[in-house]
Participant: 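One structure coming up, written as structure tokens, with questions to follow.
Letters A, B, ... mirror the listed sequences (proteins, then strands); counts begin at 1.
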There are 2 protein chains.
Amino acid sequence: MTCVSATPNSPLSAGSQSLGAYLKSARSALGLSLRAVEERTGKAVTNGYLSQIESGTVTQPSPNMLYHLAQAYDLDYGDLLVRAGHRVPHSDDTAQRGILAGFPMHALEELTEGERGELLDYIAFLRSKRPSSRGR
Amino acid sequence: MTCVSATPNSPLSAGSQSLGAYLKSARSALGLSLRAVEERTGKAVTNGYLSQIESGTVTQPSPNMLYHLAQAYDLDYGDLLVRAGHRVPHSDDTAQRGILAGFPMHALEELTEGERGELLDYIAFLRSKRPSSRGR
DNA sequence: AAGCGCTGCTTAGGATGCTAAGCACACTCC
DNA sequence: GGAGTGTGCTTAGCATCCTAAGCAGCGCTT
């Protein structure tokens, strides 16, 4: 047991901790070993790799990895994303219309995904049909 | 309507578009060149790399890349994340972000009045092509 | 024709995520 | 002592992302 750090660091209050330090605190708080976490994530995060993350050898794990860790530690996934330096979609506003006020949006809403794809292609087709402008 | 059989010519037409095909449609609808997009993203996404994404050579671009593309095309960032196979924070309630989330409104804004008319006709055409029931 | 600029596309190579395997140390239990 | 198990940690190597540089083709201008 080489390290068992002494600092009782509550992972929830960590302000500017690096991702690795934060995850290490979290694991320590839960009293889990590296391999226990590997087990918890269903082998999605191997113990060696987790060690790399905690030590800072790996600085930006993929969202998928972070998700599994969030699950294993019961942490907030979005928070982990931010700590890893990923952008998080701010999923709020749905309404800025503007020029399109006249356009019947519900017509679009009724389309299926595939139909919307076709529509995009048709828009491209309309543009390609225009007199001379090549791409703009 | 002019029509000219735009449907069969569609390179992707239907179903669940791959990320690449979707991004290609979006770019095409906006009438942007690969290098124009590179410019728009402030060189964050190079033209060659974008080509790789569209062609499927690169299947899972980083969230950061997707963010820049979402900005450039005025698409929903979260939607792109999902299409790229990344997990999205609040995705417990799966499908119900804005239905129009994936649609590039800019593409509509740039159309002329007449073209918008044709587009509406085409939407009507799409709907008429369906197997009648409107529930879905 | 020659040159220019734009188009999409390819490719070598560096950087990084990520895995599988193994190391050294510490604690048992026979 | 020796075997077995658990700990954190390291490392070779592969896969993938991503960049920089370049390719050929097309249309336009002189």
Participant: Ignoring hydrogens and angles, are the base of D/dG6 and the side chain of A/Arg35 linked by a donor-acceptor pair under 3.5 Å?
Facilitator: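 Under the 3.5 Å cut-off, the side chain and the base do not form any donor-acceptor pair.
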Participant: Let me know the distance between CG of A/Leu50 and P of C/dT19, rounded to the nearest Å.
Facilitator: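 Whole-Å distance recorded here is 11 Å.
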Participant: Tell me the interatomic distance from B/Asn47, atom CG, to C/dT11, atom C1', rounded to whole angstroms.
Facilitator: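 In whole Å, C/dT11 C1' and B/Asn47 CG are 13 Å from each other.
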Participant: First locate atom CD of A/Glu38, then atom OH of A/Tyr49, and finally report the distance between them rounded to the nearest 0.5 Å.
Facilitator: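 Spacing of CD (A/Glu38) from OH (A/Tyr49) equals 13.5 Å.
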Participant: What is the distance from OH of B/Tyr49 to P of C/dT11, rounded to the nearest Å?
Facilitator: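 The distance from OH of B/Tyr49 to P of C/dT11 comes to 17 Å, rounded to the nearest Å.
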Participant: Could you tell me how far apart B/Leu66 (CG) and D/dT16 (P) are, to the nearest whole angstrom?
Facilitator: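 Taking atom P of D/dT16 as the reference, CG of B/Leu66 is at 17 Å.
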Participant: Considering just the side-chain nitrogens and oxygens of B/Thr59, establish if one lies under 4.0 Å of OP1 or OP2 belonging to D/dC17.
Facilitator: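 Result: yes.
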Participant: Roughly how many Å is it from CD in A/Glu54 to C1' in D/dT7, rounded to a whole number?
Facilitator: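 Checked: the CD to C1' distance equals 13 Å.
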Participant: Is there a side-chain polar atom (N or O) of B/Ser33 under 4.0 Å from OP1 or OP2 of C/dC6?
Facilitator: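 The answer is no; no side-chain N or O of B/Ser33 sits under 4.0 Å from OP1 or OP2.
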Participant: Quick one: label B/Ala44 by what it contacts on the DNA or RNA (base, sugar-phosphate, nothing), any heavy atom closer than 4.0 Å.
Facilitator: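 Result for B/Ala44 = sugar-phosphate.
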Participant: Considering all heavy atoms of both residues, which atom of A/Pro63 and which atom of B/His86 are nearest to each other, and what is their separation?
Facilitator: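 That closest heavy-atom pairing would be CG-ND1, 3.7 Å.
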Participant: Has A/Lys43 got a side-chain N or O lying under 4.0 Å from the OP1 or OP2 atom of C/dC18?
Facilitator: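 So the side chain of A/Lys43 is outside the cut-off, no N or O lying under 4.0 Å from OP1 or OP2 of C/dC18.
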Participant: With respect to the side chain of A/Leu34, which nucleotide from C/dT19, D/dG8, D/dC18 is positioned closest?
Facilitator: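 Shortest atom-to-atom distance from the side chain points to D/dG8.
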Participant: Are A/Arg87 and B/Tyr77 in a cation-pi setup, meaning NZ or CZ lies under 6.0 angstrom from the ring centre and within 45 degrees of the ring axis?
Facilitator: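 No - A/Arg87 does not lie over the ring of B/Tyr77 by the 6.0 Å and 45° rule.
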Participant: If I take atom CD in residue A/Gln60 and atom P in nucleotide C/dC18, what distance separates them, rounded to the nearest angstrom?
Facilitator: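 After rounding, the reported distance stands at 10 Å.
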Participant: Quick check: any donor-acceptor pair below 3.5 Å linking the side-chain of A/Gln52 to the base of D/dT11?
Facilitator: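 Side chain to base: pair found, below 3.5 Å.
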Participant: In whole Å, what is the span from the NE2 atom of B/His68 to the P atom of D/dC18?
Facilitator: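 Going from NE2 in B/His68 over to P in D/dC18 covers 11 Å.
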Participant: Which atoms form the tightest heavy-atom contact between B/Leu75 and B/Ala26, and what is the distance?
Facilitator: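 Heavy atoms of B/Leu75 and B/Ala26 come nearest at CD1-CB, 4.1 Å.
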Participant: Where do A/Val37 and A/Arg27 come nearest, in terms of heavy atoms and distance?
Facilitator: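 Scanning both residues completely, I find the closest heavy atoms to be CG2-CD, 3.6 Å.
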Participant: For a quick check of understanding: with a heavy-atom distance under 4.0 Å over all strands, which category does B/Ser62 fall into, base, sugar-phosphate or nothing?
Facilitator: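 Sugar-phosphate only.
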Participant: Rounded to the Å, how far apart are A/Asn64 CG and C/dG17 C1'?
Facilitator: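 Going from A/Asn64 (CG) to C/dG17 (C1'), I get 12 Å.
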Participant: Starting from the 5' end of DNA chain D, give me the residue, B/Gly48 or B/Pro61, whose nearest nucleotide shows up first.
Facilitator: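 Checking each residue's closest nucleotide, the 5'-ward one belongs to B/Pro61.
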Participant: Select one nucleotide: of C/dT19, C/dC9, D/dC9, the one nearest the side-chain heavy atoms of A/Met65.
Facilitator: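 The answer is C/dT19, which lies nearest to the side chain.
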